[in-house]
Engineer: 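I'd like to ask you about the structure that follows.
A, B, ... follow the sequence lines: proteins, then strands. Residue 1 opens every chain.
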Amino acid sequence: MPVHNSDIAEAFRRLADLLEIEGGNQYRVRAYRNAAATVEGLPHDAARMIEQGADLSELPGIGEDLAGKIETLIETGELPLLEEVEGRVPEGLAEITHVSGIGPKRAWKLYEELGIETIEALRKAAEAGEIRDIEGFGEKTEQNIIDALGRFEGGEKRLRLMDAEHIAEPLLDYVREIDGVKQAIIAGSYRRQKETVGDLDILVTAKRGSDVMDRFVKYDEVDEVVSKGETRSTVVLQSGFHVDLRVVAEVSYGAALFYFTGSKAHNIVVRKRAIDRGWKLNEYGLFEDNERIAGKTEEEVYEKLDLPFIPPLLRENRGEIEAAENGELPDLVQLDDIRGDLHCHTKWSDGKFTLREMAEAAKDKGYAFLGITDHSKSQTVAGGLSEDGLAKQIDEIDELNEELDGIRLLKGSEVDILENGKLDFSDNILAQLDYVICAIHGGFNLSREKQTERVLRAMDNKHFNILAHATGRLINERAPYEIDLDRIMTEAEDRGCFLELNAHPNRLDIDDARCKMARDMGLMVPIGTDAHSINGLETMRFGVAQAGRGWLEAKDVLNTRAPDELLKLMRR
DNA sequence: GCCGTTTTCGGCCCGACTGTTTTCAGTCG
C-alpha cells in the first residue's frame, strides 16, 4: 500500500493526540500537529519527493527526526513511536478528545476514574449520571458532554463554501441590522474563501451598551447557545453549524480582523514578527509595552511589521510572508479580469437554456466569449450529442455568431475519455471545433497507473486541449480518483495542453495547491464553470477565488485573454 | 520536536468563556 501524505498527516495527528493525553510535552505535541499540516499541504506526495532527492527536513516544521519518521512510514507503513504510545494509552481516547468540551486532561481523567475508552462508554456513563461525581466534573459538565455527543453523532463536517454562504449571508444581514452595530464582517476560512468552511467567525464593532449579544443568540436559526459573554458568544444553528460572534472596539477592528481571519499558521508567523521586534500582537492591536501602535486596520498592522497588506486568500503560511518581504506577492486574478467562460452546457445536451440564451447571459456579464461544451455521445444520461448532432450544433453556432453582437460563441465539446484512452468523437468532427475539453465521467476505479495512462493516451490526440475536473472529486461526496497528476501536469505542459480549474463549488478541481504548482511550472490555467444554466455562470467567482488561493495572476489564467489570443494559445 | 542576523539551549501565541472551585484548570479558537 503506497503511503500518501494524508496517511502521514493522520499518523502524526493521532500520535499528537495520544502524547497529549498522556501529558507529554505540549510543544512536542504541537510539532507533530504542525508537521501534519505541512505534509498535508504539500503539492506532491512525500514519497515522490524523496524519490526525486528532496530533503524533507528543509520543510518548515520538519527537522531531522520527523523527516526520518516520514521516511520510515513510507518504507514500512508503520510508525514505531505511535505503536509504542498506543501500548500505553487506549486508542479510543484520541476520538474522545474530539468531542467538544473534552480535551486531553478530561479524557485521561475519565479513563482513570471510570475506565472509559470509547465514545459509547462515555455516553453510557454520562447518561447514567456517573460523570458528575468525578472531581473537577459536575452536573453541568455531564450535561454538556451529553449535548456534545449528540452533535458529535450528527457529524460536524465542514460545509462547502457555497452552502456556508447560504447560511452566512442572511445571518450577517441580521447582525448588521442590530441597533448599535457599526461594522460586521465574517472572518475565518470564509473570508479566506476556502473550499470548505468549518464554522463562521463574525466580527462586529458596536456602540457601547448595544445589546448585540442578546440579539445574536435570539437569531431564528439558533438551536443552542454554547457560550455567551460580553465580547464573545458561540451558538450552534439548527443546521449544526457553529457560529462565533466577537465584539471589539473600533480601534481594534483591524487587529481583530487579522486575528480572526487566520489562518492560524499565518497568524503565528506574523505574531512572531511582532515578538522579534519586542512587541505584542493580539486581537486588540499591536502593542509596544502597553501602548497600541496599530490596530484600527489590517493594513496598519502589516505596515508596522514591515509587510505589505497580504490578501486573505494567501494567508496560509505557504510562502506568502517571504513573498511579501521580498515584494513578490502575486497580483491576484480578479473576477473582472475574466473575459469569458470556457465550459458550459446548453439544451443540446443536459443544459437548461438555448445557445442564444446562454450567449445573451454571457454578454450581460460583460464577457467577450462563451465556450459551448456539450457532452459527447457516450454520456447518454446527460443527453450527449451524436456526431451528427454536434455537426448541427457547429452550424447553428456559426449562424448565431453572424447575428450576435458583442459576444462570440466558441465551438467546443466536453468529450469523454473512454477507458481505453480514446476520445468519444472522431478526429474528423473534433477538427471542426475551436477547442476540445476532455473529461473522465466513468471508470473511476482504475488503478493509478491505468487511470494516468488513460489520460495520457487521450492527450496524444492532437485535438485534446483541456482536461476537465482532473481528479473527479466532489467535495464532501466523492473522493478524487487515483491518478498521477504530477505526471499529467508535466506532460500537459510538454504537449501544450491545460488542466481546467472547474469553478463549480462542488468540484473546485484542480485545487488551490495544484494551481500554485501550475503557476510555478508556467502552465496556464483555464477556469470554467461547467454551467448547466444561466445561473451556473455565476459560480465563476468561486473559481476565481480558488485561483487566487493558488496564487494565480491574470496572466496565469487562460480565459483572461481575448478569444483570438486564447485560441492561439491552445493551438498545438 | 523545531528553531536560531540576540540564542545550538531555552524558548515555543494568547485571550475568552465555562464550570468547578474559592482562585483556577480545562478547553477552544
Engineer: Quantified in whole Å, what is the C1' atom distance between nucleotide B:dG1 and nucleotide B:dT5?
Structural biologist: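 That atom pair is separated by 24 Å.
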Engineer: Suppose you measure atom C1' in B:dT20 against the same atom in B:dA25; what distance do you get, rounded to whole Å?
Structural biologist: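 The answer is 9 Å between these two C1' atoms.
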Engineer: Which of these passes side-chain contact (heavy atoms from CB on, under 4.5 Å) with A:F137: A:R106, A:E142, A:R132?
Structural biologist: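 The option that passes is A:R106.
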Engineer: Of all residues at least two apart in sequence or in a different chain, which pass the side-chain contact (heavy atoms from CB on, under 4.5 Å) check with A:D179?
Structural biologist: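 A:D179 satisfies side-chain contact (heavy atoms from CB on, under 4.5 Å) with no residue once adjacent residues are dropped.
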Engineer: Are A:R123 and A:E120 close enough for a salt bridge, meaning some N to O gap below 4.0 Å?
Structural biologist: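 Here A:R123 pairs with A:E120 in a salt bridge, since their nearest N and O are under 4.0 Å apart.
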Engineer: Rounded to the nearest angstrom, tell me the gap between atom OH in A:Y27 and atom P in B:dC13.
Structural biologist: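 It is 6 Å, rounded to the nearest whole Å.
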Engineer: Salt bridge or not between A:E195 and A:R473? Use side-chain N to carboxylate O under 4.0 Å.
Structural biologist: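 Looking at A:R473 together with A:E195, the answer is yes, because their closest N to O distance falls below 4.0 Å.
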Engineer: Looking at A:R13 and A:E40, is there a salt bridge between them, counting it only when a charged N and a carboxylate O are closer than 4.0 Å?
Structural biologist: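 Salt bridge between A:E40 and A:R13, a charged N being under 4.0 Å from a carboxylate O: yes.
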Engineer: What contact category does A:K69 fall into here, base, sugar-phosphate, or nothing, at under 4.0 angstrom with non-hydrogen atoms?
Structural biologist: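 The answer is sugar-phosphate, as A:K69 gets under 4.0 Å only of primed atoms, P, OP1 or OP2.
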Engineer: Rounded to the nearest angstrom, tell me the gap between atom CG in A:D55 and atom C1' in B:dC2.
Structural biologist: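 Rounded to whole Å, this separation is 14 Å.
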Engineer: Judged by each residue's nearest nucleotide on DNA chain B, which is more toward the 5′ side, A:I275 or A:F260?
Structural biologist: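 Checking each residue's closest nucleotide, the 5'-ward one belongs to A:I275.
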Engineer: Provide the distance between the two C1' atoms, one in B:dT6 and one in B:dG11, to the nearest whole Å.
Structural biologist: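 Nearest-Å result for B:dT6 against B:dG11 at atom C1': 13 Å.
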Engineer: Base, sugar-phosphate, or nothing for A:V99, non-hydrogen atoms under 4.0 angstrom?
Structural biologist: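 Since only primed, P, OP1 and OP2 atoms lie under 4.0 Å of A:V99, the category is sugar-phosphate.
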Engineer: Write down the distance between NE2 (A:H98) and C1' (B:dG26), rounded to a whole number of angstrom.
Structural biologist: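 Answer to the nearest Å: 16 Å.
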Engineer: Quick one: which of B:dC28, B:dC14, B:dG1 gets closest to the side chain of A:L66?
Structural biologist: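 Nearest nucleotide to the side chain: B:dG1.
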Engineer: What integer distance in Å separates A:K264:NZ from B:dT27:C1'?
Structural biologist: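 To the nearest whole Å, that distance equals 11 Å.
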Engineer: B:dT7 and B:dC2: how far apart are their C1' atoms, nearest whole angstrom?
Structural biologist: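 Here B:dT7 and B:dC2 have their C1' atoms 14 Å from each other.
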Engineer: Can you give the donor-acceptor pairs under 3.5 Å from side chains of residues 319-330 of chain A to other protein atoms, not counting sequence neighbours?
Structural biologist:
| from | atom 1 | to | atom 2 | distance (Å) |
| --- | --- | --- | --- | --- |
| A:E320 | OE1 | A:N317 | N | 3.1 |
| A:E320 | OE1 | A:R318 | N | 2.7 |
| A:E320 | OE2 | A:H266 | ND1 | 2.7 |
| A:E320 | OE2 | A:E316 | N | 3.1 |
| A:E320 | OE2 | A:N317 | N | 2.5 |
| A:E325 | OE2 | A:R273 | NH1 | 2.6 |
| A:N326 | ND2 | A:E322 | O | 3.2 |

Engineer: Please report the distance, rounded to the nearest Å, between CZ in A:R30 and C1' in B:dC12.
Structural biologist: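 Checked: the CZ to C1' distance equals 6 Å.
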Engineer: Determine the interatomic distance between P on B:dC3 and the same-named atom on B:dC13; round to the nearest Å.
Structural biologist: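 Nearest-Å result for B:dC3 against B:dC13 at atom P: 13 Å.
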Engineer: Please report the distance separating the C1' of B:dT23 from the corresponding atom of B:dC17, rounded so that it comes out in whole Å.
Structural biologist: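 16 Å, rounded to whole Å.
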Engineer: Hey, which of these two, A:A107 or A:E64, hits DNA chain B nearer its 5' end, going by closest nucleotide?
Structural biologist: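 With A:A107 and A:E64 compared, the 5'-side residue is A:E64.
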Engineer: At under 4.0 Å, does any side-chain N or O of A:R28 touch on OP1 or OP2 of B:dG1?
Structural biologist: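 Checking B:dG1 against A:R28, a side-chain N or O does come within under 4.0 Å of OP1 or OP2.
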Engineer: How many whole angstroms separate atom CH2 of A:W279 from atom P of B:dC14?
Structural biologist: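 In whole Å, B:dC14 P lies 16 Å from A:W279 CH2.
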Engineer: Does the side chain of A:D484 reach to within under 4.5 Å of the side chain of A:R48, using non-hydrogen atoms?
Structural biologist: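 Touching, per the 4.5 Å side-chain cut-off.
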Engineer: In whole angstrom, what separates A:I70's CD1 from B:dC2's P?
Structural biologist: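 These atoms are roughly 9 Å apart.
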Engineer: Any strand is fair game: report the nucleotide pairing with B:dT8 by Watson-Crick or G-U wobble, both distances under 3.5 Å, or none.
Structural biologist: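 Partner of B:dT8: none found under 3.5 Å.
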Engineer: A cation-pi test, strictly: NZ or CZ of A:R192 under 6.0 Å from the centre of the six-membered ring of A:F260 and no more than 45 degrees from its axis. Yes or no?
Structural biologist: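 The answer is no, since A:R192 fails at least one limit relative to A:F260.
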Engineer: Whole angstroms only, please: what is the CD1-P distance between A:I102 and B:dT27?
Structural biologist: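 Roughly 8 Å, once rounded to whole Å.
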Engineer: Any chance you could list the contact pattern along nucleotides 15-20 of chain B? Use B for base contacts, S for sugar-phosphate-only contacts and - for none, protein heavy atoms under 4.0 Å, 5' to 3'.
Structural biologist: BBSSSS
